[in-house]
Every structure is written in C-alpha cells, then in structure tokens.
Amino acid sequence: MKKIGVVRFLGTNCDRDIWQAVEAKGYEPQWLWYENEFESSDYDAVIIPGGFSYGDYLRCGAMASKTPVMKSVVEFANSGKPVLGICNGFQVLCEVGLLPGALVRNHSGQFIDKWVVLKVENSCSHWGENVETCRLPIAHGEGCYHISEHDYKNIKDAGQVWLTYEDNPNGSVADVAGVMNAGKNVAGLMPHPERALFEWMGGQDGFNFF
Amino acid sequence: MSLNEKLKKYRLSESEYQLICDQLGREPQGVEWALYSALWSEHCSYKSSKVHLKKLFNKSEKVLQSFGENAGVIDLGQGERVAFKMESHNHPSFIEPYQGAATGVGGILRDIFTMGARPVALANYLCFGESKADRMETLVKGVVSGISGYGNCVGVPNITGQTEFHSSYNNNILVNAFALGLYRPGEKVFTAKASGPGNLVVYVGAKTGRDGVHGASMASESFDDNNDAKKPNVQIGDPFFEKLLIESCIEVMRDDLVVAIQDMGAAGLTSSSFEMASSGGVGFNIALDKVPLRDGQMMPEEILLSESQERMLLICEPKNLAKIEAVFAKWNLDATAIGEVTENKMIKLTWHNEVLCEIDPDHLVENAPLYNRPYNEWTSPNKVDALQMNECNDLQDSLLKQLSSEQGCARNWIYDQYDQRVGAQTISDCSGSVGMVRLPDSERALGVVLGCRPHVMRIDSQVGGYDSIAYPSLELAAKGFETIAVTDCLNFGNPEKPELMSEFVASVQAMSEQCEKLNAPIISGNVSLYNETNDNNITSTPATGLVGVRDTLTGPANAFQGEGDVVLLAQLKQASLSGMHSELNGGKEQFCGAVDAGEVAQFNQFIRELVTSNNVTSSRVVGKFGLAYALAKMTSVGVGCEVTTEKATGSNLTEKYFAEHLYQVVLTLPEKDWESLQSNSFPFELNAIGKTTAGQFKVDDQINLTAEQVSNAYSSWTTHFEKLS
C-alpha cells in the first residue's frame, strides 16, 4: 500500500481532511510533524494540506517554510518523489522555492469561498493524471498567483502551468490556479480537491487528484 | 470614594449592596467589589431572566447535558453526540465590529471544546440597521470580516446563517454566534464541575492582558452617546492561538488527564473559577501572582476581570501536571498551576502570600439576586379579524422590488467570505436553507438552522416566539430532518420596562411550548438584555439554533431541479401575517388567526414523512414576502415554473402572493410519483399548483419573468455590498 506523508504545522487545518481523502483512495496516511525531519525512503508521496500555518503571520507560508520538516520535504522533492501542496501548502511550496511564483492577497481584498471551474493546461502524472475540466471549491484570502512576465513565459513554455480558472476569482496572472516544478513531481494548487471527493460534498471531481 | 460612586463604578444597585452586606455580615472590601460587580452583572447572573428560563422545556430522553454547563449535549444515537450553543456579542461588536465579532466566534468555540467536543460547525445570526444609518457600512464590513478572519483561521466551517436589516438595530446591532461540536463514539463528555481536594487548578493558553476588563458589566448596560469610551472594554482575539488551544485541550481530554475544564469567558478568571468551584461544591486557593501576565504591572482586580481571549482553566490530579505541560508545550502553549482545590467551599485569593479575600463561591454564583421584573399578560395589539393589505396593482413589479431590496436580496456577499467547507464534511453550505455536515461514523446528515424572524416579532411577540421554533423546524423537516434540540440567544431591550419584559415572557413561553410539542428541548443558550440606546430598544429578537438529524446524506435540493416536475403546495392554514411585504411598502403590520403549537408539530411531521418517503426533488418553506418570493428563489438558478394560485390561501391576489401564511411548503416531485401519491388522503392540504419549466417563471397571468430576470433582481443589491470591500 502506498504510504503518504501528511505534513502538519501549527495552524494547519485541512490535515484531517487530507487524511480522509488518502484513506478513501486506499492509501496509508502518516503524520509528519513540523518539528521532525523524516527519511525520504519511508514515504511514496508527501502532501502539504491547507490552513493557516502560524496564523499567516509575517506572510502566508513563510514561517512554515523554515521548519525542520520542510528540509526533509525539499530533499524528498529533489529525489524526484511526488509532493502536492494544497492552498496554504501551495503557498509553503512557493516560499520554500520548490515552486515558481508567489501567492498574494485576492484582488477583492476578501477571503473567497466558492466553487470554480478549472481547466487542466498540462496534466500532472502524479496528481490528477486523468482529470480534464473539473469543478472544485476554493477557500482563500491570498490565492492570487503572482509571477513576473519573464518567468511566466518560462513556466508556460516548459509546460509547468497545471491548472487555470475558467472565471478568474482572485486576479491570478493568466488565470493560474496550479503550477508544477520543472521536474513535474512537485505540484501546488489553490482549490481544494479533498473537499470534492463524493457527490454528497457537492461534486466528486477531486477524487482523482489523489 | 463615596458609596454612591462605588456603586456606580461597579454597576451595582443599592438593594444589591444590601444583599451583599447581608451575605458577608459586613461591607464588601477590596477585590470583593470587583467580584460581585462581574458575577452579579446581568450578563453572568441572568438575574432578570432566570425565573423564566427555569420554566423552559429542557428535557428529553436524548439530553445528556442541559443548562448549567458551558453547552448542552445531545445523544444522537449510534454512539454519536453533539454539544452546541449560541451566544451574543452585541455590545462589543457595536463598539469595535471586527474584534467584537471575531471574539464572539472565539468565545462560542471555547464553550464547545471545553465540553470535550471537537467543533465541526459554526453559524451566525446577524441583525444590522438600515445600510444608510450612521456607521452601518463600517459595522457590516467589520463584523463580516471579523467572523471570516477568526472562523476561517481556526478551521471550523460556517455552514449557515441569517442576516436581517432594520432600523431598530441602527444603534445596537446583533451579532449572535452558534457553534456545534461532535463527540465520535467513545469520546468522553467533560464538565466544569471541579472536584478532588488537592487537585491542581491549571491556567492554560494566552497570557492575561488588560483587554476586556469590566466587559461583562459593560455588556449589561444600555448604550449612550459615550460609546467610544468603552473601547478598552472590548477584547482582542487571536484565532491562531485558539486553533492551538483547541488541539491541545482536546488532546489532554482524549488522554483523560483532566478532571474538569472551563473557558475564561465573560468576567474571565473570576467567573471560571467561581463557577467551577460552586458547581463542584469545593473551594479553591488561587495565587493571583502566578497568573501569566502580558503586562507585569497589572493589579489583582484587573487580573480577575480581564477578558483576554484564548484562555482556559482546568483541574487535574497533581500526577498528571507534567503530562499536561508536555501536551501544551507540543502546541507551543503554556500550562501553569496557579492554585489547588480545597475541601471547604471557600475561594481564597492571594497576592504574593497576602490574602485578598476568602469567600463562599455560592454567594456570587448560586445566591446571586433574582428579579421577577414586572410584566403583563400578553394581549396581541396587532391582531385583526381579517387582513387588510393594500392591493398591489403590479404584482410582478412588487416581486422584483422585494427580490432586489435590502431585506430580500442574496446574502452570498457575506457567506462567500466564510470558509464553508473546511473539515471536508459539509453537505450543504450557507446557500441552502439548512446547513448540513456529515456524521462520519453513522453516515447520517446533521442539519443546523437558525431561527427568529424579527419582522414577525414586530407584528406579535407571541406569534414570533412560536415562529422562532416552528419556522426553522419546518425548514429542517422540508429537507427530511427530525428536529432534535434547540439553543437560543434571547436579545431584548431594557427588562426594567414592563412592556419589553412582557414581550420577553410572551415569546419565551411560546418558544418553550412549541419545543415541547416538537419534543425538541432547549438545552443551552444565552440572554442579552439592555439592547437599548438612548431609550430606543431593538426589536425583541429571540434567536434560535435548531439541530436535526437525517438518515441519508442527500435529500431535496433548494432550487427546482429540472423541467416537468409537479410543483406542490402544502398548507397548514393557521395565522396569516401582513409580513415583510407590508413593512417594505409602508403598509399596516397586522395578523389574523392563531398559532396552535400542537398542530404545527403534526404538520412538521407530515412534511418530514412526505420528504423522507418520496422522491422529493426540491423543497422550500414559504417565508418572508410570501409565496411568490419563495417560488422565485427556487427559480433563480435556471429552471423556472408555471403555477396558478387558486389553491393558495388569501382572499385576493396580493394576499395569495405576498401575505405570510403560517405555514406553507413548496415541494416538487416527478410527475409519475405524484400520480401514484395523489389518490392518498392527507392530514393537511397538499395540492399540485403547477409544473417546473425550462427557465420561465410564471404565476397566474400576473408574473412572467425569465429565470435570468429573477436572478438579476435577486443579486442586484449585492453590488451595494461590494462597495463595502
């Protein structure tokens, strides 16, 4: 059975949601506590859940990116193994430099919770390989994807743009909702696939992301 | 300081002063003044309302914990239990909207997890003034972002709410927060009953600062023109700290390291320590100099009354202290032993070994004064034999006006700022009439609805009291839920005015009677009086939170689902109200008929059985603005309907469309299901009134709109909200 490490920082709040999603897929979840480093060989994949790590103080994801567990996550990613960051997890992956760009305050200045339609620009072989267009909920105050024009051209040409919004909710550059690293083993997205696993949640398009 | 000055400072009356002297056999001294001021405040003691609250229907075979604890607890069967409660934060939110609303959310969450339940749902009941009123835009924006900023960060989904706008709240808004926590099978219920002489009193969470000193007594006073001076009384919250506190407290409770636990809410350390000792029948020795302080210059009185947020008091056996400290350290929090439990029922407070006071906690808690304030038997001033509503010339135009009004427009500008899905158990979010989360062990749905329609209260307090239970309970039934239990948050004006006390008594009695008929006990709640500014009182607003259970995860939708379904109208036919339509158009506010709570309960059961035993595709209880508005709201996502109102209650079209008849429910069924069902005899009126169609909304030959026109009108006022951002 695939073993999935689920990272927990102080203030992470989608941790048990990810646990539920990983179990629903028939994989084995294990907690990775922020103070501890881990052995890359012990896990098949790592997920960084959403939430408000360290209360979003200083800058979203900034404090989390300096924790011992992230040192191991970087090693894990550099060994080519799959890492997924959702919402605050995406912000952490940008802060630690595993993903390009940054996430800033939504254009409206407000937190937004709603369902959005996404287009898969380039598929990610580790996460949601067979997904094309899908409908997922977002819930963030700082989900506006920011990247310089030059860098955007690079990631676009390299096929690193993973997901885009059909109707941009937050002012993201080029409607970007999710990106991958150059090796395409590290991916991050603002929407929450773990909140769209089953029909009773209002949609099940998130199931195939895990 | 003269006696009169002291009484004024500590907000105590002369008769209360006499009572204190009788209790102590002498005059109060030193910090005793502050203790009495806080614990005998209206906010902590419920002195004006308790004689009536004691009569509330509060028992059923499912009640595990009722009043007297931080929250009520209900057994849902199959090993699952829930704790829930609703609480006001009106006064602080008017003074400082962001922090007032945020700490309202924080406070109600602590009431839940202090019982050992993990919070899984939040809801908010908000009453604002007219948007043009002074400061109102700032207040709306501040309150909504305060709730959003706090609730989203702690990671508890906001699944439902109600928002009202009316001039009676122009100078005193209402911010009521509801929270619900879940015990999964095998998890233990904790209480605030201290026990075990020699056990330790442990302070956990944030350090104590000067914020919120005298908050409880401030919240027990009417407003005047000098509200800015009260700003230092408002607490400041930190949701990140609260999140850590939730996790650490639940962890020490799951590890069974705790004897009793209580949050430090209103009147902070004073109320938590005195209430824990009083309810456990024990005493405490507390060294106030051991309380962790944010400001080392603080004096004992300030330490006792500080309402700094994110703090808890717990009792543990001495052998467990080290384990407790380790859990809190893991979550980056401190746990500090500040005292111990003693056999004799006295609270001894010391400051660097000097005894500040030694006092029986029952004096301040159990034996606080109770007032049976004067009130009159209820006579309904607005009751008429038959409604006399002004007939509308253009019914379609009137409907569009309702949909685009402040009172009738979409509220998604508010709800979209709340995280409605964190926890990944949300079945139905704030866009529906019932907020729903999944019960993960039994695979059932838990439903939450908030109630109290202030416009009904303005017409009649007794009818409004029944309605505060009957209407939300019917909303649950229309989605297939059985109502299990109720919490309330009774927001009223000055109880020393007999006409307002009469409204309090009439509505609370009606609520209790309706709860009894539904076998849905009131298990927790809060009273907020003195919602008064310069002699102007708010609409009496007994807000409620109802919790229900449904055996299936999915049920009827909120909007029409596809064309060709039969549109049904179920009617109870008791009372009819001129309602919000008249209020909006300056007509007379009146009602005719009477509410029979027993029959309301039978109608509720009829609707629930109809929904659970048939393939009902969508459902909606007809509410404010009447039938046409309800049908329009079911239309607003694209599928329309074509109906006639021959069978609807009302002596003319205006009454059929816009009067509010208690009660009506609109349901849709596939045609073949209705064909086999319609030959049955029903205990209440159930008639087919039309069909769902592809996008057109037609009522008789009076209203003919596209679904898009309906939805544009409904969302048009949103642009007004957006200006606030």
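Residue numbers start from 1 in every chain, and the chains themselves are labelled A, B, ... in the order their sequence lines are given, proteins ahead of strands. Because the structure is a prediction, the values reported are computed rather than measured.
With sequence neighbours left out, the side-chain contact (heavy atoms from CB on, under 4.5 Å) criterion links A:Leu58 to A:Ala62, A:Met63. Partners of B:Ala123 according to the side-chain contact (heavy atoms from CB on, under 4.5 Å) rule, which considers only residues two or more places apart in sequence or in another chain, are B:Thr160, B:Phe178, B:Leu450. Residues meeting the side-chain contact (heavy atoms from CB on, under 4.5 Å) test with B:Ser433, sequence neighbours left out: B:Glu475, B:Lys479, B:Asn558.
Residues of residues 243-250 of chain B that come within less than 4.5 angstrom of chain A, heavy atom to heavy atom, are B:Lys243, B:Leu244, B:Glu247 in numerical order.
At most 12 heavy atoms of other shown residues, nucleotides or ligands fall within 6.0 angstrom of atom NZ in B:Lys207.
Side-chain atoms of A:Asn88 and A:Gln91 form a donor-acceptor pair, as typed in the model, at a separation below 3.5 Å.
Using a 4.5 Å cut-off between heavy atoms, B:Val154 contacts chain A through its backbone alone, with no side-chain atom that close. Interface residue A:Tyr54: backbone and side-chain heavy atoms are both found under 4.5 Å from chain B. Heavy-atom distances place no part of A:Phe9 under 4.5 Å from chain B, backbone and side chain included.
The pair B:Asp334-B:Arg311 does not count as a salt bridge, with every side-chain nitrogen at least 4.0 angstrom from each carboxylate oxygen.
The only option from A:Gln110, A:His140, A:Arg105 that meets the side-chain hydrogen bond (donor to acceptor under 3.5 Å, both in side chains) definition with A:Asn170 turns out to be A:His140.
Interface remark: of the candidates B:Thr426, B:Asp429, B:Val144, B:Thr426 forms the most heavy-atom pairs closer than 4.5 Å to chain A. Of all the listed residues (B:Ser428, B:Gly155, B:Ser148, B:Gly423), the one sharing the greatest number of non-hydrogen pairs under 4.5 Å with chain A is B:Gly423. Residue with the most contacts toward chain A among B:Leu553, B:Ile427, B:Val422, B:Asp238: B:Val422 (heavy-atom pairs, distance under 4.5 Å).
In this structure the side chain of A:Tyr165 never reaches within 4.5 angstrom of the side chain of A:Val117, judged on heavy atoms.
Side chain of A:Asp175 to backbone of A:Asn168: no donor-acceptor contact under 3.5 angstrom is found.
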